[in-house]
Amino acid sequence: MTTRRPLIAGNWKMNGLRASVEAFCQIVAGANELREKVDFIVCPPATLIFQFIGSCDSGSVEVGGQDCHAEPSGAFTGDISAEMLADLGARAVIVGHSERRAFHHESDADVRRKTQAAWRAGLLAIVCIGETRDERAAGRTLSVVGAQLEGSIPDEATPRNLVIAYEPVWAIGTGLTPTPADIAEVHGFIRERLNARFPVSAQGIRILYGGSVKPSNAKELLAVDNVDGALVGGASLKAEEFLAIAGVYA
Ligand code: 13P
């Protein structure tokens with residue numbers, strides 16, 4: 001049996017200024033106590049990556065980006081490449097977050113190229129997938145998630161270069177979550193698809209749940225089969241809450 005190390009990842013989205021290093025260092029202090037049992041990644045805005053990595057002996061917490069361009073460099077005003085993130089010391093990057101898919105019209109093909117860019121730069125890719133409220137209501141959750149998985153994940157996936165985050169769009173920032181049974185169904189389905197496509201390595205690939213994860217529901221959500229950790233938005237901005245979520249594994 002493969003044992004997958006739990007991973008608690010924080011997506012700060014467009015939140016945080018230089019003074020937020022204080023919250024980051026509180027996370028590091030707490031993570032030091034849990035590092036034997038849990039992996040930690042914090043993805044602040046790109047403006048803070050370099051500062052965070054240079055602060056408070058951040059060894060127990062990897063720092064990641066929230067997006068990257070598919071090309072290594074070039075005339076792409078405002079964009080940031082995977083190589084640039086790696087150059088700062090980032091170890092991971094979120095790609096295909098539903099906010100990127102919705103507000104920046106990113107397709108599965110775009111996400112696939114960004115995932116390849118992350119790997120080219122030596123970064124762990126955290127690839128996000130998930131259905132909208134209407135898709136769930138129409139009974140299309142598994143077909144949507146299956147298509148995103150197929151379209152967004154390149155063939156070279158391994159447990160070391162890929163983490164999948166299942167984030168139902170309707171659960172993000174809303175306080176709503178699927179039932180444990182619904183999460184088990186989707187994560188089980190993702191695991192099956194990974195097994196079929198990557199028979200040798202699928203068992204080692206971690207699948208995170210994301211969407212309104214809080215200290216109050218973390219225990220229930222993280223206990224679900226095939227949930228190997230969480231991708232946390234709002235609650236990752238407060239060290240106490242983020243650490244309380246990870247504390248489920250203590
Ligand atoms: P919330 O935890 O704020 O719902 O956000 C989840 C998310 O989008 C993480 O990527």
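If you're wondering where the values come from, they're calculated on a predicted model, not measured in any experiment. All ligand and atom numbering here is 1-based and tracks the order in the structure.
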query: Between Gly234 and ligand 1, is there a nitrogen or oxygen pair with a distance under 3.5 Å?
result: yes
So the atoms of ligand 1 within less than 4.0 Å of a heavy atom of Gly211 turn out to be 4 (O), 6 (C)
TODO: Could you tell me if any non-hydrogen atom of Lys214 lies under 4.0 Å from any atom of ligand 1?
DONE: no
Numbered in order shown, the ligand 1 atoms found under 4.0 Å of a heavy atom of His97 are 7 (C), 8 (O), 9 (C), 10 (O)
Salt bridge (Lys or Arg N to Asp or Glu O under 4.0 Å) filter on Arg136, not counting sequence neighbours, yields Glu131, Asp182
Residues pairing under ring pair (Phe, Tyr, Trp, His ring centres under 6.0 Å) where one sits in residues 62-85, two or more places apart or in two chains, turn out to be His69-Phe76
Check: of Ala9, Cys43, Ala235, Gly233, min heavy-atom distance to atom 6 (C) of ligand 1 comes from Gly233
Before accepting this row, confirm whether a basic side-chain N of the pair Asp155/Arg197 lies closer than 4.0 Å to the acidic partner's carboxylate O. yes
Note: Asn11, heavy atoms under 4.0 Å from ligand 1, region reported as side chain
salt_bridge(Asp39, Arg206) N-O dist < 4.0 Å: yes
Using a strict threshold of under 4.0 Å (side-chain N to carboxylate O), is an ion pair present between Lys114 and Glu106? yes
So the atoms of ligand 1 within less than 4.0 Å of a heavy atom of Glu167 turn out to be 6 (C), 7 (C), 8 (O), 9 (C), 10 (O)
When the aromatic ring centroids of Phe242 and Trp12 are compared, is their separation below 6.0 Å? no
Taking the basic N atoms (NZ, or NE/NH1/NH2) and the acidic carboxylate oxygens, is any pair closer than 4.0 Å for Asp110 and Arg100? no
Quiz item: Is it true that Gly210 lies under 4.0 Å from ligand 1, counting heavy atoms only?
Solution: no
What do you reckon, does Glu99 have a nitrogen or oxygen under 3.5 Å from a nitrogen or oxygen of ligand 1? no
Counting from 1 in the order shown, the ligand 1 atoms closer than 4.0 Å to a non-hydrogen atom of Leu231 are 9 (C), 10 (O)
